[in-house]
2 protein chains.
Amino acid sequence: MEQLTARQGEILGFIRAFIDRHGYPPTVREIGRHFRIQSSSVFDHLEALKRKGHLEKQGFKPRALRIRDDRGVEGPVTYSEEESVLVPIVGRVAAGLPILAEENIEERVPLPQRLVRHKNSFLLRVQGDSMTGSGILDGDHVIVRPQAWANHGDIVVVRMEDEATVKKLDMSRDKIFLVPTNPAYKPMPAKPNTLILGKVVGLIRGY
Amino acid sequence: MEQLTARQGEILGFIRAFIDRHGYPPTVREIGRHFRIQSSSVFDHLEALKRKGHLEKQGFKPRALRIRDDRGVEGPVTYSEEESVLVPIVGRVAAGLPILAEENIEERVPLPQRLVRHKNSFLLRVQGDSMTGSGILDGDHVIVRPQAWANHGDIVVVRMEDEATVKKLDMSRDKIFLVPTNPAYKPMPAKPNTLILGKVVGLIRGY
DNA sequence: TTGACAACCTAACATATGTTAGGTATCCTA
DNA sequence: TAGGATACCTAACATATGTTAGGTTGTCAA
């Protein structure tokens with residue numbers, strides 16, 4: 001990866017911070033406004049960053065920037081390429097409290113970043129064998145990305161009463177069904193008070 | 001959080017996936033292209049998603065979208081409770097070489113100690129669906145503790161020719177059998193040259 | 001049976017956008 | 001001492017962009 005100049009480093013840092021704060025990259029002119037330089041000057045910097053491999057850039061599209069300096073080092077590696085993220089294990093899900101309230105958290109476990117690509121993800125211990133059809137066994141821990149809505153076919157964590165349970169979403173019919181993928185169980189229609197806590201994005205098992 | 005319609009859920013899901021894949025949100029028309037609807041129709045959907053609190057939207061700015069249905073799960077600051085261990089991912093298993101030879105190692109991933117309680121453990125990517133009966137799916141990574149011998153009922157990694165494969169050990173009969181727990185496959189007797197590389201002690205999956 | 005809402009449409013508008021062209025000044029290196 | 005890279009500039013261009021206005025159709029609860 002080619003060396004950056006001080007200015008190029010500033011620009012890259014600004015883009016990174018902007019994405020952190022807003023959730024989307026800045027436009028050329030937004031960068032320029034911050035540094036009090038013209039858009040064409042920013043353009044030059046972006047081209048340099050692209051040429052040096054630190055930035056991906058989709059021609060002519062606004063905000064189509066992606067920082068690429070997080071790739072690992074090539075070749076045989078004898079050290080960690082990857083950082084760990086501390087992910088909380090959620091136990092009981094007390095009603096009324098947000099899922100990640102300290103009261104619900106039992107402990108925290110370091111996981112590789114690739115498995116936990118989103119902020120506020122958490123681990124939930126699976127109880128029962130209702131999802132064995134999807135390779136989710138009793139005692140497994142699922143990695144959950146919090147989101148209040150999910151789509152047909154997603155494996156989700158829903159809260160019913162005081163319990164968090166893992167099910168597959170079936171939205172193909174008139175009502176929403178929570179489907180256990182173990183054929184020994186029957187799909188149940190979602191009640192009005194069922195709450196989607198998040199989508200299952202990973203799984204961890206220890207034998 | 002107000003209820004979404006099926007269509008609104010699809011749109012929200014597309015935006016989420018797009019950000020995941022590209023690093024920046026889609027434009028109104030990019031969403032429309034995917035669903036084969038007009039930009040003005042997409043606009044309506046985005047307004048609905050904003051009104052219902054699932055989306056933030058900066059007026060008139062392209063791609064200025066931010067998904068907000070993960071609120072209420074603000075996590076407290078995380079601190080370290082557990083150390084990570086660097087575990088190598090083994091790719092091809094070159095014949096003649098020890099399984100943990102540098103030539104076999106693709107990369108290293110940090111895992112929580114509780115999952116990897118033994119030295120020289122490694123990760124192996126599972127190919128095929130022969131172990132779905134044990135909740136081990138195609139593409140999963142199993143954590144393997146190296147050992148040359150295992151017991152009846154253990155799930156093990158064996159080397160046959162140049163390939164490492166995951167099977168269940170059946171030693172209840174006169175011969176040793178390698179059992180795929182997917183009933184669609186048949187148990188095979190162990191050949192004299194089959195080598196036990198280790199025992200499966202854990203599993204990791206990313207969706 | 002009315003009214004609200006959802007889900008789409010066509011057509012048009014103003015403009016913020018990435019980009020290009022051509023220029024100046026400074027610095028470092030061959 | 002020439003050349004190249006860096007870091008900026010002004011001016012202009014084509015267009016992809018979010019948005020608005022004004023529809024149609026169907027569904028569903030009051």
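Heavy atoms only: backbone and side chains are in, while hydrogens, waters and symmetry mates are out. Residue numbering restarts at 1 for every chain, and letters A, B, ... go by the order of the sequence lines.
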Chemist: With under 30° as parallel and over 60° as perpendicular, where do the rings of B:H34 and B:F14 fit, or are they tilted in between?
Modeler: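 Parallel.
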Chemist: Can you tell me how far C1' of C:dC5 sits from CG of B:L49, to the nearest Å?
Modeler: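 Going from B:L49 (CG) to C:dC5 (C1'), I get 15 Å.
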Chemist: May I ask you to verify if any side-chain N or O of B:Q38 is less than 4.0 angstrom from the OP1 or OP2 atom of C:dA7?
Modeler: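 For C:dA7, neither OP1 nor OP2 has a side-chain N or O of B:Q38 closer than 4.0 Å.
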Chemist: Mark yes when over 12 heavy atoms from residues, nucleotides or ligands other than A:R66 sit less than 6.0 Å from its CZ; otherwise mark no.
Modeler: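 Above 12, so yes.
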Chemist: In whole Å, what is the span from the CD1 atom of B:I31 to the P atom of D:dG18?
Modeler: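 In whole Å, D:dG18 P and B:I31 CD1 are 8 Å from each other.
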Chemist: Rounded to the Å, how far apart are B:Q8 CD and C:dA7 C1'?
Modeler: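 That distance rounds to 10 Å.
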Chemist: Kindly say whether, by distance alone, the side chain of B:S40 makes a donor-acceptor pair under 3.5 Å with the base of C:dT10?
Modeler: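 Such a pair is found, so the answer is yes.
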Chemist: Tell me whether A:D140 is salt-bridged to B:R205, with the criterion being a basic N under 4.0 Å from an acidic carboxylate O.
Modeler: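 The answer is no: the pair does not qualify as a salt bridge.
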Chemist: Are OP1 or OP2 of D:dG18 and a side-chain N or O of B:K50 less than 4.0 angstrom apart?
Modeler: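 Checking D:dG18 against B:K50, no side-chain N or O comes under 4.0 Å of OP1 or OP2.
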Chemist: Please report the distance, rounded to the nearest Å, between NE2 in A:H45 and P in C:dT19.
Modeler: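 One finds 15 Å between P of C:dT19 and NE2 of A:H45, rounded.
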Chemist: In plain terms, say whether B:R16 and B:D69 are close enough for a salt bridge, that is, a side-chain N and a carboxylate O under 4.0 Å apart.
Modeler: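 Yes, B:R16 and B:D69 are salt-bridged.
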Chemist: Return whichever of B:A48 or A:Q58 has its heavy-atom-nearest nucleotide of DNA chain C closer to the 5' end.
Modeler: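 By nearest-heavy-atom nucleotide position, the 5'-most residue is B:A48.
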Chemist: Expressed in angstrom and rounded to an integer, what is the separation of A:F35 atom CZ from D:dA7 atom P?
Modeler: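 It works out to 12 Å between those atoms.
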Chemist: Name the residue from B:V201, B:V200, B:V156 that meets the side chain to side chain contact (heavy atoms under 4.5 Å, CB included) definition with B:V142.
Modeler: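 Answer after filtering B:V201, B:V200, B:V156: B:V200.
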Chemist: Can you figure out which of D:dG18, C:dT17, C:dT20 approaches the side chain of A:P62 most closely?
Modeler: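 In terms of side-chain proximity for A:P62, the closest of D:dG18, C:dT17, C:dT20 is C:dT17.
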Chemist: On DNA chain D, check which nucleotide each of A:R29 and A:I37 is closest to and give me the residue with the more 5' one.
Modeler: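 Per heavy-atom nearest nucleotide, the more 5' residue is A:I37.
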Chemist: Report yes if at least one side-chain N or O of A:R36 is closer than 4.0 Å to OP1 or OP2 of D:dA7; otherwise report no.
Modeler: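 The answer is no; no side-chain N or O of A:R36 sits under 4.0 Å from OP1 or OP2.
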Chemist: How many whole angstroms separate atom CG of B:L55 from atom P of D:dG18?
Modeler: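 Value for this atom pair: 12 Å.
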Chemist: I want to check one thing: is the phosphate of D:dC9, taken as OP1 and OP2, less than 4.0 Å away from some side-chain N or O of A:S41?
Modeler: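 Yes, within the criterion.
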Chemist: Let's see if you can work this out: which of C:dT17, D:dT6, D:dT20 has an atom nearest to the side-chain heavy atoms of A:T27?
Modeler: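 Within the option list, the nearest is C:dT17.
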Chemist: Report the distance from atom CG of B:L46 to atom C1' of C:dA7, rounded to the nearest whole Å.
Modeler: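 Between C1' of C:dA7 and CG of B:L46: 13 Å.
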Chemist: For C:dA6, does OP1 or OP2 lie under 4.0 Å from any side-chain N or O of B:T5?
Modeler: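 No, no such contact exists.
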Chemist: Take A:R33 and B:R7, find for each the nucleotide of DNA chain C with the closest heavy atom, and name the residue whose nucleotide sits nearer the 5' end.
Modeler: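 Between the two, 5'-proximity favours B:R7.
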Chemist: Give a yes/no answer on whether the side chain of B:K57 brings an N or O atom under 4.0 Å of OP1 or OP2 in D:dT19.
Modeler: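 Yes, because at least one side-chain N or O of B:K57 sits under 4.0 Å from OP1 or OP2 of D:dT19.
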Chemist: Could you state the atom-to-atom distance from NZ of B:K61 to P of C:dA16 in whole Å?
Modeler: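 My rounded result for the distance is 11 Å.
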Chemist: Taking only side-chain nitrogens and oxygens of A:K52, does any of them come within less than 4.0 Å of OP1 or OP2 of D:dA5?
Modeler: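 Negative; the distance criterion is not met.
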Chemist: Between A:E47 and A:K50 (salt bridge meaning N to carboxylate O under 4.0 Å), is one present in this structure?
Modeler: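 Judged by the 4.0 Å cut-off on N to carboxylate O distance, A:E47 and A:K50 do not form a salt bridge.
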